[in-house]
Structures are given as C-alpha cells and as structure tokens.
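Here the structure is laid out as structure tokens; the discussion comes afterwards.
Below, chains carry the letters A, B, ... as their sequence lines are ordered, and counting in each starts from 1.
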Number of protein chains: 2
Amino acid sequence: MTNAHDVLFRTLSDPTRRAIFERLCREGEQTVGALTAQSGVSQPAVSKHLGVLRHAGLVRDRHEGRQTHYSAQLGALAPLTDWTNQMKAFWQSRFDDLENLLNRMDQ
Amino acid sequence: MTNAHDVLFRTLSDPTRRAIFERLCREGEQTVGALTAQSGVSQPAVSKHLGVLRHAGLVRDRHEGRQTHYSAQLGALAPLTDWTNQMKAFWQSRFDDLENLLNRMDQ
DNA sequence: GGGATCGATAACTCGGCGGCTATTGATTGA
DNA sequence: TCAATCAATAGCCGCCGAGTTATCGATCCC
C-alpha cells in the first residue's frame with residue numbers, strides 16, 4: 001500500500017534531509033564532504049540522508065575517484081505537484097457539483 | 001527554525017493522516033465517526049490526527065451538538081506548492097547561469 | 001433524571017528513525 | 001609502499017510519534 005506519495009512526503013519530512021536537498025537545488029552538484037560541512041550533523045548521518053533521497057529518486061550520485069558527487073533530480077517532485085493538484089481538483093469538483101445543484105434548483 | 005514547510009511535510013508524511021485529509025478533500029465535510037469508520041484505526045487515533053491537521057491549518061472543525069464536523073482547508077497547501085516552485089526556480093536559475101556562460105563563450 | 005452516544009483527553013506501550021562513534025574499502029599522493 | 005583522505009556501512013542508543021485502552025464531558029433521547 002506504500003505509493004510514491006508516501007515515499008516523497010516521508011523523505012522530505014525531515015528538516016535536515018530536506019535542507020540537503022534544497023542545497024543541491026540551489027547550488028547544484030555537491031560532494032558528501034561539502035554537504036557535511038554545512039549540515040550540522042556527522043558525515044555518516046549525511047550519507048544516510050543521501051541514501052534515503054536517492055531511494056526516493058530525488059538525487060543522483062556520480063562517483064569520481066574517492067569522492068561522490070550528488071545532484072538533485074527535480075523530476076522526482078512531480079508526484080508531489082500531482083497530488084496537490086489532485087486535492088484541488090477534488091475540491092473544485094465538489095464545488096462544481098454544488099454549482100450544478102444550485103443551477104437545477106434555480107430552474 | 002521550524003517553518004511552515006516543516007509543519008506541512010511532517011503533517012502529511014503519515015499515510016493514515018494524509019488519507020483522512022484526502023477523504024475530506026474528496027467527499028467534503030465529515031464527522032469524526034464517519035472518518036473513523038473508514039480509517040482502520042481507533043477513534044482516539046483519528047481525533048489525534050485531526051488535531052495535528054487542524055494545527056497545520058489543513059482542516060477546520062465545526063461543532064454541532066455532540067458531533068464535530070471537519071472540512072479540508074486547501075489554502076493551507078500553498079506553502080507546499082510555493083516550496084516546489086522555489087526548488088524548480090533554483091534549478092532553472094542555475095540553468096540560466098550556465099546558458100549565460102555558454103553564450104559568453106560563444107562570442 | 002438516566003442511559004446511550006459522540007468526541008476529546010489521559011496514560012501507556014512500542015517500533016522506527018535520526019543521531020552518534022567506530023570501522024572498512026577505496027583512492028590518492030608522498 | 002604506506003599514510004591520509006573520502007564516503008559507506010555496522011552497530012548502538014535515545015527519543016518521538018502513532019497506536020492502543022480507559023475515561024471524562026457533553027449532548028441527545030426516552
């Protein structure tokens with residue numbers, strides 16, 4: 001029962017992890033070391049967060065020698081925008097129904 | 001340092017809670033009893049989830065006799081769309097910078 | 001008034017998750 | 001070759017949050 005929305009919301013719910021993703025969006029590709037320096041947590045913690053982000057498809061990793069570069073994958077945010085649009089659509093649909101009802105009552 | 005994004009992502013990260021919100025979006029105003037009947041968890045659990053949703057501004061409650069009606073507040077989703085748009089904007093901005101660089105190199 | 005229903009609160013349990021340190025594997029360079 | 005650096009993994013710990021049952025307050029109906 002665990003769908004794409006679950007994974008996305010869950011992944012982005014942690015502030016530290018979301019901050020890492022935001023940084024990758026702002027500044028582009030970064031090494032683990034660079035990300036660790038500004039994260040306020042230990043390097044293993046950052047590696048774990050990157051693993052979770054990668055699992056959610058939100059980042060890509062590129063190995064270059066002994067360092068790993070991570071970059072944001074914005075396409076992975078699509079289910080999120082889809083979801084919000086769907087919620088708005090549901091809302092709008094019910095509003096339309098109400099409007100139809102009122103129109104019928106007018107006649 | 002806890003902003004609107006934190007509250008929203010945290011609130012929506014739980015599947016049970018998000019399902020309750022989705023149902024309110026789909027079907028409009030519902031009583032706690034009606035929500036409990038379909039949620040798969042106990043009534044106190046549902047009440048707690050509704051409390052969290054209300055705290056995030058995602059739902060409104062309306063008291064009528066001994067039952068409480070809850071309805072979705074779609075406006076509260078705005079920070080979410082703002083956030084995703086911002087991420088895309090960062091990405092686009094860096095892309096523009098690259099484009100500028102390439103243009104300058106062309107000359 | 002008194003039993004019944006509705007929803008919120010209290011009090012507790014338990015599993016998962018985010019953090020840490022220590023270690024390993026791989027790569028670099030002196 | 002060997003020390004040093006980088007990132008991932010292992011192993012552990014503490015806490016928060018989602019779930020439960022029990023209870024309370026309030027309202028409805030007989």
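- Rounded to whole Å, the distance from CZ on B:Arg18 to P on D:dA18 is 12 Å.
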Under 3.5 Å, N/O pairs linking protein and nucleotides 14-17 of chain C:
none

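- Ring orientation note: the planes of A:Phe21 and B:Trp83 are tilted relative to one another, at an angle of 30° to 60°.
- Distance CG (B:Leu50) to C1' (C:dT9): 14 Å, rounded to an integer number of Å.
- Phosphate proximity of D:dC6 to A:Thr68: absent, as no side-chain N or O sits under 4.0 Å from OP1 or OP2.
- A heavy-atom distance below 4.5 Å is found between the side chains of B:Leu77 and B:Leu12.
- Looking only at side-chain heavy atoms (C-beta outward), B:Leu58 and B:Leu8 come within less than 4.5 Å of each other.
- Between B:Cys25 and B:Leu74, the closest side-chain pair of non-hydrogen atoms falls below 4.5 Å.
- Taking atom CZ of A:Arg62 as the reference point, atom P of D:dA8 lies 14 Å away to the nearest angstrom.
- Distance A:Arg54 CZ to D:dA7 C1': 12 Å, rounded to the nearest Å.
- With sequence neighbours excluded, the residues satisfying side chain to side chain contact (heavy atoms under 4.5 Å, CB included) with A:Gln73 are A:Arg60, A:Ser71.
- The shortest distance between the side-chain N/O atoms of B:Thr16 and the OP1/OP2 oxygens of D:dA18 is not below 4.0 Å.
- Using a 4.5 Å heavy-atom threshold, the side chains of A:Leu50 and A:Asp61 count as separate.
- Note: the hydrophobic cluster containing A:Phe9 does not contain B:Val52 (ILVMFWY, side chain heavy atoms under 4.5 Å, direct or indirect links).
- One finds no side-chain N or O of B:His49 lying less than 4.0 angstrom from the OP1 or OP2 phosphate oxygen of D:dG17.
- Between A:Arg18 and B:Asp6 there is a salt bridge, with a side-chain nitrogen of the basic residue lying less than 4.0 Å from a carboxylate oxygen of the acidic one.
- Near DNA chain C, meaning a heavy atom under 4.0 Å away, the residues from residues 30-46 of chain B are B:Thr31, B:Val32, B:Gly33, B:Gln43, B:Pro44.
- Going from atom CG of B:Asp61 over to atom C1' of C:dC6 covers 14 Å, rounded to whole Å.
- Out of D:dC6, C:dG7, D:dA8, the shortest distance to the side chain of A:Tyr70 is found at D:dA8.
- The nearest whole Å value for the distance from the NE2 atom in A:His55 to the P atom in C:dG18 is 14 Å.
- Between the side chain of B:Lys48 and the base of D:dG17, no donor-acceptor pair under 3.5 Å is found.
- Comparing C:dA4, D:dG19, C:dT9 by their nearest atom to the side chain of B:Arg66 picks out C:dA4.
- The closest side-chain heavy-atom distance from A:Thr81 to B:Lys88 is below 4.5 Å.
- With rounding to whole Å, B:Glu64 atom CD is found 19 Å from D:dA26 atom P.
- As judged by a 4.0 angstrom heavy-atom cut-off over every strand, A:His63 is placed among residues making no nucleic acid contact.
- Looking at B:Arg23 and B:Gln38, their side chains come closer than 4.5 Å, going by heavy atoms from C-beta outward.
- Going from atom CZ of B:Phe9 over to atom P of D:dG17 covers 17 Å, rounded to whole Å.
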